[in-house]
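The structure appears below as structure tokens.
The chain is numbered in sequence order, starting from 1.
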Amino acid sequence: EIGDPAKRLHTARSRNDQVVTDLKLYIRKKNNKLVKEISNLQYALSKKAKDSYNMLMPGFTHMQTAQPITFGHHLLAYVEMLSRDKTRFIDCNKRLNENPLGSGALSGTSFPINRKMTTKSLGFNKPMQNSLDAVSSRDFIIEPLAAASILASHLSRFSEEIILWVSEGFDFIELPDSLATGSSIMPQKKNPDIAELVRGKNGRVIGALMSILVVMKGLPLAYSKDLQEDKELTFDAIDNILNSLEAINAIVKKLKPKKENLSSAAQKSYSTATDLADWLVSNLNIPFREAHKITGNIVRYCEKKKIKLSELTIKELKSFNKKINDDIFNVLDAEQSVNQKKSFGSTSPLMVKKSAAKWIKKLQNEKKKNL
């Protein structure tokens, strides 16, 4: 339509450097979008953690009740994971933000172009220094897909916990109808399908990373048509990880913890046994190995009697060690257990409340800077 000027648009350009330039611009934009969406999810988790900073729940190891923690502490663990995810995408942009345009098909061009000008116009930090590398490297895709795969695994882990928590066996939280679906045949069902879909998308994202690694592993320099395979999987993975972030954000905002059920579960399975052993060490100067053995004997006794640790009498406790006194009852209750955690990063309500408030402030400041 515009004649000769259009015929000159290809001067000093190849599809090879043009396509890789466009792809870098796309990845850079999507990385920034991912950082924003991760921050939104962190903020939702931090707000929920602040609201539940002293809400008891069982902490698990090997999917067995281990020690009592707070619901807020559990949520803040994901805030920390997401913080590392966010820095990975920020770091990706630092390395990919070099301009390939002007590299031609593979060897540069004989035309007197100004690569610094296009670098500045497109918002790159500097031109790529080797034309072969510029048109044939795809580590700027591999790196964000690796970061996306780690992020997807974190979202999948959280999804798995949501699925467990809404099950009848746990009954820790409630999801609104808008974030669940019914069954086509069973009218009583309320399925956590959104969380299940996020868990499933994990495979798509990791699969994209594996695919691009396989594509790249045997390519000689410079360009080969194999590189056409980089786009579909990249677009698919990024779309899915962004959708997953938005879905989990919606779940976090709308989920309602069932305080009584969480607290009741935190008291089960002799969850304060470690506190009992620690008390024996701190107050009676008993070596931990011996304290561990004494506590094990006490737990076995409780199992036979079908009573909680907090229901033991001082007479029963003294039968295991005569030096035990009434102060031991200060550590046998789950609420007392979490309140007495003193180490930095622990589950104590005071620590959780401070940590949640710190994250909320930090994320608010980040949002202001990016507006």
(request) Give the intermediate values and the outcome of side-chain hydrogen bond (donor to acceptor under 3.5 Å, both in side chains) for residues N261 and D171. (result) CA-CA 7 Å; N261 292 359; D171 200 21; 3.0 Å; yes
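- Atom CD1 of residue I251 and atom OG of residue S159 lie 6.0 Å apart, to the nearest 0.5 angstrom.
- Side-chain atoms of S131 come within 3.5 Å of backbone N or O of L106 as a donor-acceptor pair.
- S14 places a side-chain N or O within 3.5 Å of a backbone atom of N16 that can act as its donor or acceptor partner.
- Contact of the L227 side chain with the M216 side chain is registered, since non-hydrogen atoms from C-beta on lie closer than 4.5 Å.
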Which is it for S263 and K259 under the side-chain hydrogen bond (donor to acceptor under 3.5 Å, both in side chains) test, yes or no, and what are the steps along the way? CA-CA 6 Å; S263 179; K259 186 176 180 179; over 6 Å; no
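- Side-chain contact check for R28 versus F124: some heavy-atom pair is nearer than 4.5 Å.
- Counting heavy atoms from C-beta outward, V205 and L209 have side chains that stay 4.5 Å or more apart.
- No hydrogens or angles considered: a donor-acceptor pair under 3.5 Å links the side chains of S137 and D133.
- Looking only at atom types and distance, the side chain of K86 has a donor-acceptor partner in the side chain of Q42 under 3.5 Å away.
- Here the rule is side chain to side chain contact (heavy atoms under 4.5 Å, CB included) with L309, and of D275, L317, V331, L276 only L276 fits it.
- The backbone N or O of N191 sits nowhere less than 3.5 Å from a side-chain atom of E196 that would complete a donor-acceptor pair.
- Looking at heavy atoms from C-beta onward, K362 lies in side-chain contact with E366 at the 4.5 angstrom threshold.
- Between K318 and I324, the shortest heavy-atom contact is NZ-O, 2.7 Å.
- Comment: K258 does not engage E174 in a salt bridge, judged by the lack of any side-chain N to carboxylate O separation of less than 4.0 angstrom.
- Considering only heavy atoms from C-beta on, K253 stays 4.5 Å or farther from K47 through its side chain.
- By the 30° and 60° cut-offs, the orientation of the rings of F172 relative to W165 is tilted.
- Rounded to the nearest 0.5 angstrom, L233 CG and M210 CE are separated by 11.5 Å.
- Contact annotation: the side chain of N202 approaches that of S153 to within less than 4.5 Å [non-hydrogen atoms, C-beta and beyond].
- In this pair, Y301 and F320 present their aromatic rings perpendicular. The plane angle is above 60°, beyond the 30 to 60° band.
- Counting only N and O atoms by type, the side chains of N32 and N93 include a donor and acceptor under 3.5 Å apart.
- Looking at E316, its side chain does come within 3.5 Å of a backbone N or O of T313 through a donor-acceptor pair.
- For the atom pair NZ (K24) and CG (L122), the distance works out to 11.5 Å, reported to the nearest 0.5 Å.
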Practice task
Please test Y26 against F235 for ring-ring contact (aromatic ring centres under 6.0 Å, His included), starting from the C-alpha separation and ending with a verdict.
Solution key: CA-CA 9 Å; Y26 168 84; F235 300 153; 4.9 Å; yes
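- Note that the NZ atom of K33 and the CD1 atom of I38 stand 12.0 Å from one another [nearest 0.5 Å].
- A donor-acceptor pair under 3.5 Å is formed between the side chain of T21 and the backbone N or O of D17.
- In this pair, H74 and Y78 present their aromatic rings tilted. The plane angle is within the 30 to 60° band.
- Judged by distance alone, the side chain of S52 and the main-chain N or O of K48 form a donor-acceptor pair under 3.5 Å.
- If you check the side chains of R300 and N297, you find a donor sitting under 3.5 Å from an acceptor.
- A donor-acceptor contact closer than 3.5 angstrom links the side chains of N97 and N125.
- At least one side-chain heavy atom of V20 sits under 4.5 Å from a side-chain heavy atom of F140.
- Defined by atom type and a distance below 3.5 Å, a donor-acceptor pair is missing between the side-chain atoms of D239 and N243.
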Would K126 and N99 count as a side chain to side chain contact (heavy atoms under 4.5 Å, CB included) here? Give the steps. CA-CA 6 Å; K126 61 181 181 179; N99 183 18; over 6 Å; no
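- Side-chain N/O atoms of K315 and S319 include no donor and acceptor closer than 3.5 Å.
- Here the shortest heavy-atom pairing between A222 and L132 reads CB-CD2, 3.6 Å.
- Remark: the backbone N or O of E260 is not paired with any side-chain donor or acceptor of S264 at under 3.5 angstrom.
- If you check the side chains of S83 and E80, you find no donor sitting under 3.5 Å from an acceptor.
- Between atom CD1 of residue I142 and atom CG of residue L213 there is a gap of 5.0 Å, rounded to the nearest 0.5 Å.
- Of the inter-residue distances, the one linking L45 atom CG with L82 atom CG reads 6.5 Å to the nearest 0.5 angstrom.
- Looking only at distances, no side-chain donor or acceptor of D193 sits under 3.5 Å from a matching main-chain atom of A180.
- When atom types are taken as modelled, the side chain of S121 and the backbone of T118 share no donor-acceptor pair closer than 3.5 angstrom.
- Counting only heavy atoms from C-beta outward, the side chains of K201 and R204 approach each other to under 4.5 Å.
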